[in-house]
Protein chains: 2
Amino acid sequence: MKLKEFAKQVGLSPTTVSRALSGYPEVSETTRARVVAEALRLGYRPDVNAVRLKTGRVGAIGVIMGRFGEFHFAEFMAGMAERLASEDTDILVIPMADRDLNEEMQTYRRLAESRRVDAIIVHSPKPNDPRIELLDRLGIPFFVHGRSDIAIPHAWLDIDNEGAIRRSTEHLLDLGHRRIAMINGRKGLTYSIHRDIGFRKAFEGRALEQDAQLIAHDTFTDELGFRHARFFLESSNPPTAFVAGSMMTALGVYRAVRSLGLAIGEDVSVIAHDDVFPYLTAENMAPSLSATRSSMRAAGARCADLTLQLLAGRSVSDIHELWPVELNLRESTRPVR
Amino acid sequence: MKLKEFAKQVGLSPTTVSRALSGYPEVSETTRARVVAEALRLGYRPDVNAVRLKTGRVGAIGVIMGRFGEFHFAEFMAGMAERLASEDTDILVIPMADRDLNEEMQTYRRLAESRRVDAIIVHSPKPNDPRIELLDRLGIPFFVHGRSDIAIPHAWLDIDNEGAIRRSTEHLLDLGHRRIAMINGRKGLTYSIHRDIGFRKAFEGRALEQDAQLIAHDTFTDELGFRHARFFLESSNPPTAFVAGSMMTALGVYRAVRSLGLAIGEDVSVIAHDDVFPYLTAENMAPSLSATRSSMRAAGARCADLTLQLLAGRSVSDIHELWPVELNLRESTRPVR
DNA sequence: CAAATAATTGAAAACGATTTCAAATATCCC
DNA sequence: GGGATATTTGAAATCGTTTTCAATTATTTG
């Protein structure tokens, strides 16, 4: 049913009907109520595409899906979905090969030119991320999940990665561990860098030497956690403790430790960062896993919320949120032997 | 830049330009080439919303994201993305609480009335899925990943769940196992039912008795795999082998077996179904995991492909694909002690 | 009670493309 | 070379809304 026909049925002009439904103040309360009721009864809904053409608003937020971190991505999106369910805003998934920067830029450009989304959410930025510069130049509103050191002002939400890893590491140092390995995220990403810094600062704060050989950078998967942990453990001077970048990494580390006949907690301590997956909880691992914790899903919801605020006109330089992380100590970290 | 202005710059009418860009045959090759080149140079792209309004085509496929199986969902979507990257088709994620059927139906109705998507992909259907009936009644083209026994004809792609589990189970029976537990998917879903059937048929084919107590139904997570496996293993008459519904479940089973001081392969055999996650491979588990295998990502790509064909006018009753699964035997399944 | 003001309603012009139908130009064939 | 046919081009209508501006009706006020 089209507006014209519906208006006729209600006995009003299209103008008034449109105004009544979009909540304009100049239509009387009684007519509005009537129109809304009739719309519900007759099942009239404005055609999204016509509305979009006319208003210029698309009603969609784009989120870039890379080849990596699909786990975290799904959780983040679930959070976004939670927040946007009540809004009339869609989530558009934009696949990105994440390999060819040139092609990636092309995708953004296309996106901008064809006006498919009102805003874009960018993940896992780099300190000087060319995507941010491009999006800024293209004039698409964008929101950064994470941070970038780039000179361009941008709205962002990030967790305190430096503090998280620093506290984790200090905890291990307090337990007497000195050879501590870290399996961090991919090299070059801001959060990996922040975590490296936190790691180093923990040592520096206690005037201890840190072996740079004991840091690995890679995607957060069970598989790679396993491989890196094995590699470290089989070296001539193996670590007595691990800082794992994610829950998946921790799973891999657990496997690696056990595959060498060692016991988690007793022989090797493990601490991780937990993004809170509904299907993989640190408490329930055996032995339970000490971890810093910050919900990825909550971050998704909040990012969606802030992006809406951004679109509503709130100033970019106003929108910065740094989330602290919880630290929960459990059985996987014990004094060094 | 708008069509009108761009056309002026090229020195042609909007009509011709539009035709040239959309590949109509009645425009000469030389002009088309010129127009395309200029469009690229000047960065002209038709406004999506205008095109959508005019043509009625939205250029988006909706995919329902439930509360469960986010893992599989991410892989599936990555596959879709792969296929749709070259097409001018977006992926719209539609969050669905998956709890209140009524609300769910409301969401579909809204979706239909507001023309946000050209088609919808439905996952994990039930034998008599009300969503299918509703989508059919609403007249939205839809594609089912999985199958339903419903009388309404629908396009679908499914894997041979029955055959997969049957073969897995037969393999365990061949090894002499008699008490075999299965940790299956959520109750009521078509694929869970098919798997139950495959499981039972394996026993029946060898005229053996199967203990219905040894089947659990739940979401595919590490956590729940662990819990169900523990429960079975701690019973008075524990199983000697497990059929795990997913890789996550298998991880949980591994943990459970080990937490009781037993060895995978030696004391307890495990076989699983592997949807192929890039970050969690059966070969690399320790010990390596026997598994049936079918790529979720490939399924996503193919579903996207078939949905496009559906939209292009291919008959619904023509589009049915049943994928066989591979079976790879590894170290986790051994003769019963 | 009339004039002035405020509150509602409507007619018609956008939004930016596609596409029908008609006109102009190029090509063919005897 | 001229009429017929095939190939290219363009003018204008259209998609279904929102919104500007003007017109109408209701309310206030001196």
Side-chain angles (χ1 to χ4, degrees), chain A residues 1-36 38-39 42-60 88-90 110-118 311, chain B residues 1-36 38-39 42-60 88-90 110-118 311:
Chain A
M1 161 139 31
K2 324 289 172 64
L3 171 57
K4 218 164 135 188
E5 189 192 335
F6 174 63
K8 197 171 291 173
Q9 297 235 8
V10 189
L12 285 167
S13 75
T15 313
T16 309
V17 169
S18 167
R19 277 199 278 240
L21 291 176
S22 342
Y24 273 58
E26 63 255 74
V27 64
S28 81
E29 258 328 307
T30 50
T31 26
R32 180 195 317 291
R34 190 159 62 89
V35 171
V36 169
E38 284 294 282
L42 299 174
Y44 168 75
R45 290 208 128 231
D47 180 292
V48 171
N49 295 319
V51 173
R52 287 173 175 175
L53 170 58
K54 187 56 197 169
T55 61
R57 270 279 163 109
V58 178
D88 207 33
T89 301
D90 296 326
R110 255 188 17 225
L111 219 57
E113 283 160 0
S114 64
R115 309 204 111 70
R116 281 162 137 62
V117 293
D118 292 318
L311 288 174
Chain B
M1 159 137 32
K2 323 290 173 63
L3 171 58
K4 219 164 135 187
E5 189 192 336
F6 174 63
K8 197 172 291 172
Q9 297 236 9
V10 188
L12 284 167
S13 75
T15 314
T16 308
V17 168
S18 168
R19 277 199 279 239
L21 290 177
S22 344
Y24 274 57
E26 62 255 73
V27 65
S28 80
E29 260 326 307
T30 49
T31 26
R32 181 196 316 292
R34 190 158 62 89
V35 171
V36 169
E38 284 293 282
L42 299 174
Y44 168 75
R45 289 211 129 229
D47 179 291
V48 172
N49 293 323
V51 174
R52 287 175 176 174
L53 171 57
K54 184 58 196 168
T55 61
R57 271 277 164 107
V58 178
D88 207 33
T89 302
D90 296 326
R110 255 190 17 227
L111 218 57
E113 282 159 2
S114 64
R115 306 196 159 297
R116 282 163 137 60
V117 292
D118 292 319
L311 288 173

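Protein chains get the first letters and strands the later ones, always in sequence-line order, with residue 1 at the start of each.
In this structure, B:Arg52 and A:Arg52 have side chains that are in contact, with non-hydrogen atoms separated by less than 4.5 Å. Side-chain contact check for B:Thr31 versus B:Ser28: some heavy-atom pair is nearer than 4.5 Å.
What separates NZ of A:Lys4 from C1' of D:dG16 is a distance of 10 Å, to the nearest Å. For the pair B:Arg32 CZ and D:dT7 P, the interatomic distance rounds to 14 Å; values are reported in whole Å. What separates CZ of B:Arg34 from C1' of D:dT8 is a distance of 13 Å, to the nearest Å. Between the CZ atom of B:Arg115 and the C1' atom of D:dT17 there is a distance of 14 Å, given to the nearest Å. In this structure, CZ of A:Arg52 is placed 16 Å from C1' of C:dA17, rounded to the nearest angstrom. Between B:Tyr24 atom OH and D:dT7 atom C1' the separation is 17 Å, expressed in whole Å. Distance B:Met1 CE to C:dA17 C1': 15 Å, rounded to the nearest Å. Separating the CD atom of A:Glu5 from the C1' atom of D:dT17 is a distance of 15 Å, rounded to the nearest angstrom.
Counting any heavy atom pair closer than 4.0 Å across all strands shown, B:Phe6 reaches no nucleic acid atom.
More than 12 heavy-atom neighbours from other residues, nucleotides or ligands sit within 6.0 angstrom of CZ on B:Arg116.
Atom-to-atom distance recorded for A:Thr16:OG1 and A:Glu26:CD is 9.5 Å, nearest 0.5 angstrom.
A salt bridge does not link B:Lys2 to B:Asp47: none of the charged nitrogens lies less than 4.0 Å from a carboxylate oxygen. The residues B:Glu29 and B:Arg32 are annotated as salt-bridged, a charged nitrogen and a carboxylate oxygen being separated by less than 4.0 angstrom.
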Show each protein N/O and nucleotides 9-15 of chain C N/O combination with a separation under 3.5 Å, one pair to a line.
residue, atom, partner, partner atom, Å
C:dT9, OP2, A:Thr31, OG1, 3.3
C:dG10, OP2, A:Ser13, N, 2.8
C:dG10, OP2, A:Ser13, OG, 3.1
C:dG10, OP2, A:Thr16, OG1, 3.0
C:dG10, N7, A:Arg19, NH2, 3.0
C:dG10, O6, A:Arg19, NH1, 3.3
C:dG10, O6, A:Arg19, NH2, 2.7
C:dA11, N7, A:Thr15, OG1, 3.3
C:dA11, N6, A:Thr15, OG1, 3.0
C:dA14, N3, A:Lys54, NZ, 3.0

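For the OP1/OP2 pair of C:dA17 and a distance below 4.0 Å, the side-chain nitrogens and oxygens of B:Tyr44 include at least one atom meeting the criterion.
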